[in-house]
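Computed from a predicted model, the values in this text were never measured in an experiment. Reminder, nothing fancy here: chain letters follow the sequence lines and each chain counts from 1.
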Amino acid sequence: MSTSSQPLALSAGTPHNRSLSAQILDVTGLDPARCYQCGKCSAGCPMASEMDLKTHEIIRLLQLDMRERLLASESIWMCLTCETCTTRCPNVFDPAAVIDALREIVLRENPGLVPRRISAFHSAFLDQIRANGRVFEFGLVASYKLRSGALFADVDSVPGMLARGKLALAPRRIEAIQDIRRIFEQCAMERPR
Amino acid sequence: MSRIGVFICHCGENIGRTVDCAQVAQAMGELPGVVHSVDYKYMCSDPGQALIKQAIKEHNLDGVVVGACSPHMHEKTFRKAAAAAGLNPYLCEMANIREHCSWIHEDRAEATEKAKGLVRFIVEKIKYNRPLSNIFIPVNRRALVIGGGIAGIQAALDIADGGREVILVEKESSIGGHMSQLSETFPTLDCSQCILTPRMVEVAQHPRIKLLAYSEVESVDGYIGNFEVKIRQKARSIDVSKCNGCGECTKNCPNKKIPSEFEQGLGFRTAIYVPFPQAVPNIPVLDRDNCALFKGRAKGVKKQVCGKCATVCGRRAIDFDQQDSFITEKVGAIIVATGYQLYWIGKEQESEILHGYGEYGYGTIPDVIDGLQFERLASASGPTGGKILRPSDGKEPKKIVFLQCIGSRDRAKGMEYCSKICCMYVAKHTMLYHHKVHDGKAIVFYMDIRAGGKGYDEFVRRAIEESHALYLRGRVSSLTRNGDTIRVQGVDTLSGEPVSIDADMVVLATAMRPQPGITSLAQKLSVSYDLHGFLNEAHPKLRPVETNTAGIFVAGACQAPRDIPDSVAMASATASKVLGLFSNEQLEREPLIARVDRQTCTGCFHCERVCPYGAVERFEVKDRKGNLIKVIAEVNQGVCQGCGTCQATCPSKSIELDGFTDEQIFAAVNAL
Amino acid sequence: MRNGEAAMKVGYFPGCSLHATAREYEESLKAIAPALDLQLEEIRDWACCGATSAHSTNHLLSVALPARTLVLAARQNLDRVFAPCAACYNRLASAQHAIEHDKKVASQVESILGASFGHPIGVLSIAQLLSEMTDRIRSKAIVPLKELKVACYYGCLLVRPPEICRFDDPEAPTSLESIVTAAGAVPVKWDKALECCGGGFSLSRTASVVRLGRSILRSAKDSGAQALIVACPMCHSNLDFRQRAINRSAGDDRPMPVLFISQLVGLSMGLDPVRLGLNRHFVNPQPFLSTISAGRVEHREQA
Amino acid sequence: MSVPAKEKASSFEPNIVAFVCNWCTYTGADLAGTSRLNMAPNVRIIRLPCTGRIDTLFILKAFERGADGVIVSGCHPADCHYTAGNYHARRRFAVFRELMEFMGVDPQRITFSWVSASEGGKWAEVVNSTTEKVRELGPFVSYPRVAHAQVK
Ligand SMILES: Cc1cc2nc3c(=O)[nH]c(=O)nc-3n(C[C@H](O)[C@H](O)[C@H](O)COP(=O)(O)OP(=O)(O)OC[C@H]3O[C@@H](n4cnc5c(N)ncnc54)[C@H](O)[C@@H]3O)c2cc1C
Ligand SMILES: Cc1cc2nc3c(=O)[nH]c(=O)nc-3n(C[C@H](O)[C@H](O)[C@H](O)COP(=O)(O)OP(=O)(O)OC[C@H]3O[C@@H](n4cnc5c(N)ncnc54)[C@H](O)[C@@H]3O)c2cc1C
Ligand code: SF4
Ligand code: SF4
Ligand code: SF4
Ligand code: SF4
Ligand code: SF4
Ligand code: SF4
Ligand code: SF4
Ligand code: SF4
């Protein structure tokens with residue numbers, strides 16, 4: 001899985017508390033040193049076959065503090081949060097939570113690294129909530145397609161959905177939408193510890 | 001000649017279902033020499049045994065054959081019954097018509113025929129059985145322990161506490177072995193000296209332990225219970241009976257720059273020295289190779305050079321002309337506990353199969369040290385007072401790289417075995433380092449982590465999770481100098497990442513090897529050893545501390561790489577074996593051993609060559625005047641285990657194994 | 001447990017899909033509730049749980065959004081909230097878990113919401129809710145399901161992770177099986193009951209969803225099941241709506257009807273398939289309905 | 001020089017003698033018994049302490065006394081109870097094979113095998129396959145030649 005041309009040079013006495021591992025420990029309470037690389041997480045991961053870095057490799061790069069490669073990897077966006085890894089890890093480690101935390105770090109530090117379709121989806125989805133308090137699926141699909149550029153994928157499904165009464169064409173907004181707006185504002189402001 | 005009784009057992013239905021026992025008994029009754037033949041439901045039951053006893057008396061039997069289960073099951077039972085009725089127990093034998101007949105066949109007629117055949121074999125064989133009586137060998141109830149490391153110390157103390165005398169032979173000037181060099185010990189991290197020193201003192205003071213330090217075993221004769229050992233007491237140049245350990249000589253010796261073996265070359269000693277302050281016995285030894293006086297003598301200088309030590313010694317204990325002396329001890333058992341040495345990566349290796357590591361600079365790069373050197377650096381009583389400092393410039397290393405499996409698991413340049421303890425001591429080293437140098441980084445290259453002991457894996461996890469040692473999976477390709485650092489080039493196979501580290505210090509976890517000279521000692525003891533010189537146990541599972549030579553035991557790292565808990569457990573096991581052996585004045589053994597016919601033996605000694613136990617000895621036949629007539633074979637009853645290989649080999653059929661003589665076997669075959 | 005007792009009231013959090021793509025799920029729940037003496041009290045003015053998008057991007061947001069719903073539930077004096085969607089259930093239960101176990105997050109969220117947490121709320125999945133009522137389901141099951149063989153599909157989040165769900169075995173669950181058995185169907189043994197369906201990647205990584213659906217459907221078919229029983233709108237959408245694409249990619253034209261567990265329970269009670277929303281499925285349920293003589297639905301083929 | 005005539009009577013039941021060591025094969029055969037492994041009834045065991053004790057003459061004697069086949073079985077090479085007895089036995093058997101042929105005994109009539117104390121199944125297999133093989137070879141008829149060879 002090596003891509004870098006320079007060998008990893010483990011910096012002199014990198015204090016443990018400035019590493020990416022330390023950041024993760026701070027956010028999740030999980031110390032990546034705990035993982036002993038058994039690979040059981042990857043073995044059960046439904047997305048492993050599509051990932052360039054498998055779940056255990058994500059944790060390994062964390063242990064090696066290979067920040068750039070890890071944060072630029074598409075794999076951290078492929079996780080479905082199905083919790084299979086977390087449920088099965090023999091070390092009571094929680095890779096799913098670690099991956100979530102990594103995503104958050106990327107979004108904060110370098111949002112340009114998020115794969116376009118994925119960021120499009122999440123943005124579209126969260127926009128829906130921010131606007132209406134709930135997800136209005138037709139709006140979600142439309143907004144996602146505009147953001148992702150995947151304009152024509154799935155268009156044939158719209159009539160089928162409509163015919164089955166499964167797509168509402170107008171959004172329904174909740175009453176206390178100001179609550180939701182405030183939540184969004186404050187959560188965006190709150191720097192994770 | 002014979003009056004044989006045959007007893008056929010039904011074993012309830014077990015035999016009776018497929019074998020017509022009555023018919024077998026009847027057929028056997030018709031054989032010549034059989035005077036009594038019956039069948040019975042349960043022969044091993046009390047009434048069954050009574051039946052035998054009664055028949056022996058009633059019919060005056062001189063042989064008993066029980067056709068029943070496997071002799072492994074009940075031979076002892078029936079022999080005891082026979083003996084109780086006054087018949088020599090070795091005139092009773094079993095024919096196996098259960099495991100080897102009724103249980104493996106269905107056809108009743110066939111099984112019955114076969115059962116007859118099997119019993120007939122034994123009936124014919126027993127006609128040639130001789131009454132035999134158990135052999136008794138006198139036991140000299142004192143033990144010899146060779147090697148005064150923790151294993152030897154433990155064994156000696158256990159035996160002495162058990163009430164028997166022990167002679168402890170240590171080749172160095174002090175006991176203690178490698179454990180005395182260690183700083184703190186896994187898995188509990190207690191201080192090695194603190195737990196070892198009291199035991200060493202106990203050895204010195206024990207009334208039943210005779211400590212012979214600076215001594216070596218010269219030769220061993222005899223056999224279990226009756227060994228005679230010649231011990232060489234090497235010349236210390238000091239009269240032990242006079243020296244009071246005051247240390248004046250050491251203080252005044254001008255020759256102070258001799259690299260100390262105890263400090264693994266990281267510190268210095270004088271020419272007359274005590275290896276470490278807690279040494280037992282606390283008596284110096286004069287290193288003649290490095291003493292000015294002896295160098296002067298060697299050069300032929302007429303005038304005496306130096307001699308300061310003798311001048312300052314108030315006790316006049318120093319004896320420059322002392323010679324090696326020899327003593328002989330008689331012991332009944334021997335424990336070998338000679339421990340280990342470490343592999344070194346240098347070019348000059350004493351064995352052809354070892355090569356050293358050119359890619360690691362053959363040990364010439366400063367600040368590339370081995371595990372024992374690290375122990376000395378970490379030891380509070382070590383050359384740096386417990387500070388981790390580089391040997392080259394005394395700086396505190398901020399980045400240490402530990403390499404595991406150096407020389408171990410390496411068929412090309414080292415040994416193929418795993419040294420078993422290094423994974424643990426490397427984890428320990430990273431912890432000690434972390435405790436002492438908080439901003440330091442320990443990086444470990446490992447291949448597997450082998451930590452299979454109670455609390456061991458948890459210990460390694462602590463090193464990783466709490467002391468934040470970074471473990472990289474892989475073997476390092478090369479170590480090269482890079483300014484005053486060492487460039488370590490490796491790969492982390494888990495991530496596939498090449499890794500290059502500029503380390504301040506590199507510690508090699510080098511392989512554990514047996515002590516030099518072990519093979520010649522093993523030959524003196526007739527104990528076998530493996531390709532690498534580790535002594536062989538008699539059986540890896542069931543007789544792990546015995547050797548193939550009766551009365552000789554192994555403990556500690558001389559048998560295989562062992563840590564302290566293992567070494568001590570083995571030592572105590574050997575002690576219990578020895579105390580068990582010593583619990584009787586005589587050893588009782590089954591008499592199924594070989595016997596030489598002195599008339600016909602031609603003295604070819606083929607038997608001697610094939611005997612796996614070295615039980616065949618040479619016996620000189622002399623006439624009345626004491627003139628040697630011939631040399632023939634004789635079997636040492638204490639040593640022979642009764643395999644019979646000699647008999648099958650003897651060209652003149654002069655050596656016979658009791659219980660399985662040619663006559664007996666041919667009789668059985670003839671009954672076919 | 002509560003089996004056999006009188007009417008049970010629980011808070012109801014339908015979540016966004018039950019008002020849209022999974023309408024039939026809500027229809028069937030509403031249809032069977034009276035028969036089970038189950039009162040579903042919808043949480044007033046609930047908002048979306050934030051789903052994958054919130055927890056993938058902002059941990060605090062992923063707790064705050066469902067936490068608001070839990071606060072509302074407490075205000076409505078509810079002890080337990082039922083979330084039929086497995087994903088919503090996971091978010092609500094995770095939020096409750098964080099509130100109880102992560103003091104720091106809890107206080108942050110309280111200040112964001114400008115409200116304090118009242119009594120702890122039990123969050124229920126459909127598996128948990130219905131497995132408490134198996135006696136009632138059994139007593140109301142009047143239509144013989146004729147030993148109908150079904151594969152119960154949990155998906156990833158219904159019983160996982162265990163420290164959050166604290167219900168059923170996370171690796172070998174049996175709750176759905178006990179429910180379908182009570183309804184008169186026969187659960188088959190199969191391998192993929194817990195494999196993820198691809199969840200929220202339906203739009204963004206459709207190919208992955210097709211790949212995952214393929215192995216789930218193949219295993220269900222090979223086990224001899226006549227229908228797949230699900231308990232999550234996302235699973236339903238990925239396996240029903242996407243089934244045509246999945247089957248096409250697998251070169252396997254055996255259709256496998258995908259029913260919500262509430263629909264199956266409804267059928268066992270003799271409820272009209274249309275009332276249960278079976279007409280809204282993409283995979284035609286008719287052949288399967290006919291085998292248990294459960295009436296007809298009008299089915300539109302997928303374009 | 002092998003046995004010329006192979007009169008195979010269909011009813012022919014070979015007599016086979018097995019020389020086995022006490023520690024491994026005998027115990028393995030015991031295990032076959034405790035495991036109730038059914039096997040051909042043609043083999044009779046003679047117990048010796050070790051294969052090292054087996055003299056080549058025992059085998060010749062067995063043929064002379066009417067055996068049609070012989071089995072020699074002991075511990076696996078590294079497992080000898082007496083550490084090296086079976087090693088000597090093996091060396092002897094190599095020479096012995098040639099001697100057998102010279103004596104007019106088809107070496108196929110002798111099976112050498114290693115059966116440990118835990119290999120009850122293997123013992124049954126050795127018994128059955130040897131019985132089958134010897135049955136095919138037919139009765140051992142060159143007895144007179146052996147008898148002439150001045151065996152004790
Ligand atoms: C770097 C390092 C760190 C370690 N750390 C730990 C630890 O933390 N915990 C732990 O449990 N183990 C540790 N060990 C292992 C420990 O050193 C051994 O388990 C233990 O020393 C073995 O004891 P022994 O008595 O068998 O051998 P030794 O200690 O080697 O003693 C053998 C003795 O026999 C003497 N001798 C040798 N040949 C003869 C002869 N021919 N005649 C007379 N005397 C002879 C020697 O001089 C020596 O005194 C470590 C080992 C190393 C290399
Ligand atoms: C799958 C497997 C394979 C193995 N393979 C090997 C191998 O190849 N080589 C090897 O060296 N080791 C092997 N082992 C390990 C080996 O089984 C053990 O080392 C060994 O059996 C331990 O022996 P023991 O006497 O300590 O315990 P056990 O064999 O467990 O014996 C304990 C005995 O105590 C009895 N007992 C328990 N409690 C009481 C009580 N309260 N009162 C009275 N009696 C009691 C039990 O009934 C039992 O008979 C293997 C183990 C396993 C699981
Ligand atoms: S399952 Fe757990 S311990 Fe194993 S590799 Fe994955 S995270 Fe590490
Ligand atoms: S939670 Fe993510 S990483 Fe873990 S198994 Fe599921 S998809 Fe894979
Ligand atoms: S002597 Fe052996 S065969 Fe006879 S009853 Fe006892 S166990 Fe059974
Ligand atoms: S000065 Fe004499 S008495 Fe003192 S330690 Fe040296 S030899 Fe012994
Ligand atoms: S003679 Fe001199 S050099 Fe030699 S040991 Fe004595 S003091 Fe040291
Ligand atoms: S104990 Fe560990 S370091 Fe030592 S040889 Fe074995 S695997 Fe290598
Ligand atoms: S082989 Fe026989 S003849 Fe030769 S020495 Fe031994 S006993 Fe004597
Ligand atoms: S019987 Fe075995 S152990 Fe005894 S003398 Fe003969 S060969 Fe040696």
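For chain B, the option among D:T34, D:T56, D:V17 with the highest count of heavy-atom pairs below 4.5 Å is D:T34. The choice from B:G117, B:S528, B:G642 that makes the most heavy-atom pairs within less than 4.5 Å of chain D is B:G642. When the candidates B:D107, B:V669, B:I122 are compared by the number of heavy-atom contacts under 4.5 Å with chain D, B:V669 comes out ahead. Most heavy-atom pairs under 4.5 Å with chain B, from the set D:C21, D:A62, D:A29: that is D:A29. Your options are B:Q641, B:Q647, B:E99, B:H100, and the one with the most heavy-atom pairs under 4.5 Å with chain D is B:H100. Of the listed residues (B:L592, B:L118, B:N670, B:I665), the one with the most heavy-atom contacts under 4.5 Å to chain D is B:N670.
With salt bridges taken as basic N to acidic carboxylate O contacts below 4.0 Å, none links D:K61 and B:D662. We find that B:K114 and D:E13 are not joined by a salt bridge, their nearest charged nitrogen and carboxylate oxygen being 4.0 Å or further apart.
In this structure, chain B has a heavy atom under 4.5 Å from the backbone of D:L37, while its side chain stays farther away. With a threshold of 4.5 angstrom between heavy atoms, B:L672 approaches chain D through its backbone and through its side chain. The part of D:F19 that comes within reach of chain B is its side chain, from C-beta onward, which places non-hydrogen atoms under 4.5 angstrom from that chain. Both the backbone and the side chain of D:A67 come within contact range of chain B, with heavy atoms under 4.5 Å apart. Within the 4.5 angstrom heavy-atom criterion, atoms from both the backbone and the side chain of D:N22 approach chain B. Residue D:V127: no heavy atom, backbone or side chain, is found under 4.5 Å from chain B. With a 4.5 Å cut-off on non-hydrogen atoms, B:F660 touches chain D through its backbone and its side chain both.
How far CZ of B:R120 is from CZ of D:R44: 7.0 Å, rounded to the nearest 0.5 Å. Taking CZ of B:F121 as the reference point, atom CD1 of D:I46 lies at 4.0 Å (rounded to 0.5 Å). The distance from the NE2 atom of B:H72 to the CG atom of D:L31 is 12.5 Å, given to the nearest 0.5 Å. Put simply, CG on D:N42 and CD on B:E113 are 12.5 Å apart, with the number rounded to the nearest 0.5 Å. Note: D:R53 CZ to B:T661 OG1 = 7.0 Å, rounded to the nearest 0.5 Å.
Side-chain atoms of D:P49 and B:L657, non-hydrogen and from C-beta on, do get closer than 4.5 Å to each other. A 4.5 Å side-chain heavy-atom check between B:P71 and D:Y26 finds at least one atom pair inside the cut-off.
Considering every non-hydrogen atom in both D:C50 and B:C643, the closest pair reads CB-O, 3.4 Å.
Other residues, nucleotides and ligands contribute over 12 non-hydrogen atoms within 6.0 Å of the CD atom of B:E416.
The closest side-chain donor-acceptor pair between B:H105 and D:N38, if any, does not fall under 3.5 angstrom.
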Problem - Trace of the salt bridge (charged side-chain N to carboxylate O under 4.0 Å, His left out) decision for D:D30 with B:R98 - result: CA-CA 9 Å; D:D30 277 359; B:R98 190 177 76 170; over 6 Å; no

